[in-house]
Amino acid sequence: MNEKKLFTVSFFINFIFSMLTALLSLIVFNINKKTGDINIIMMTFIGSLLLTRVFSIWNFLKARTEIILGSMLFTAGCLILVIESGSMTWMFIGTVLFGISIGLVPPAILVLLSENENKLTSNLGIYNAIVAIASVFLPIIIGVGIAPVFLIPFNTGWTMLFTGNSIYSISALVLFLFLGRSAMGLTKH
């Protein structure tokens, strides 16, 4: 298994997760100017994420399948929000897809990284560093790059954010699909 590719996928996923938690409420407020809807959408996102994590305890899917499914659901959520950018109903559906995908992918990556017992400690350390780095770079990128370009004026270009996230999630999916043969023959986890 190629851990470098898993680490890259992990960076993308954790970066996107941080971005969603930071920007989702702003985007919801932009749609209808109601703060109550922000709470509903954020609770939907976190609720679907937590329910997915609870159900993944029973290991219904292989880790590789969870990563592929999660990346596909995330891409679908982004595309839904690009196409239907002004609808709270579609925002709700996209948010559920985001929560499910973020609930599936990071734990599956940890499962794959922990399979190599010789590198377990270093793999988990690198994974935690990647999570921290993704969280550190997010405010910098939002403050310097995304906010001025995509969020101001807020009403004309925030769908570009989801277009960019679609590219990130497709990249993560492609990277994972091209892992070595050992990832292809994973047993059920």
> Would a 4.5 Å heavy-atom cut-off, applied to side chains only, mark E115 and L112 as touching?
Replying inline: yes
> Taking the side chain as C-beta and beyond, is there a heavy-atom pair between I67 and L104 under 4.5 Å?
Replying inline: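 They are not in contact (no side-chain heavy atoms under 4.5 Å apart), so the answer is no.
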Roughly how far, to the nearest 0.5 Å, is the [atom2] atom of [Y] from the [atom1] atom of [X]?
X	Y	atom1	atom2	answer
L69	I100	CG	CD1	8.5 Å
M91	I41	CE	CD1	6.0 Å
T89	I80	OG1	CD1	11.5 Å
T52	E66	OG1	CD	9.5 Å
L124	S114	CG	OG	6.5 Å
Y127	L110	OH	CG	4.5 Å

Nearest heavy-atom pair of [X] and [Y]: which atoms, and what distance?
X	Y	answer
A63	A108	O-CB, 3.4 Å
T65	L61	CG2-CD2, 4.2 Å
R53	G103	NE-O, 3.1 Å

> When you look at I83 and W90, which way does the side chain to side chain contact (heavy atoms under 4.5 Å, CB included) test go after all the steps?
Replying inline: CA-CA 9 Å; I83 295 167; W90 286 106; over 6 Å; no
>> I need the single residue from L6, T8, N14, I13 that forms a side chain to side chain contact (heavy atoms under 4.5 Å, CB included) with S10. Which is it?
In response: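 Between S10 and the candidates, side chain to side chain contact (heavy atoms under 4.5 Å, CB included) is satisfied uniquely by N14.
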>> List the residues meeting side-chain contact (heavy atoms from CB on, under 4.5 Å) with T44, not counting sequence neighbours, and say none if there are none.
In response: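 Partners of T44 under the side-chain contact (heavy atoms from CB on, under 4.5 Å) test: I40, F92, T95, V96.
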> Is the centre of the F74 ring less than 6.0 Å from the centre of the F98 ring?
Replying inline: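 Under 6.0 Å, so yes.
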>> Between S48 and F45 (side chain of the first, backbone of the second, donor and acceptor by atom type, cut-off under 3.5 Å), is there such a pair?
In response: yes
>> Using modelled atom types and a 3.5 Å cut-off, is there a donor and acceptor pairing between side-chain atoms of S122 and backbone atoms of K119?
In response: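 Such a contact is found between S122 side chain and K119 backbone.
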>> Membership question, hydrophobic clusters at under 4.5 Å side-chain separation (ILVMFWY): are M43 and I102 in the same one?
In response: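 No, separate clusters.
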>> Are F60 and I57 connected into the same hydrophobic cluster when the rule is that any two of I, L, V, M, F, W, Y join if their side-chain heavy atoms are below 4.5 Å apart?
In response: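 Different clusters: I57 never reaches F60 through Ile, Leu, Val, Met, Phe, Trp or Tyr contacts under 4.5 Å.
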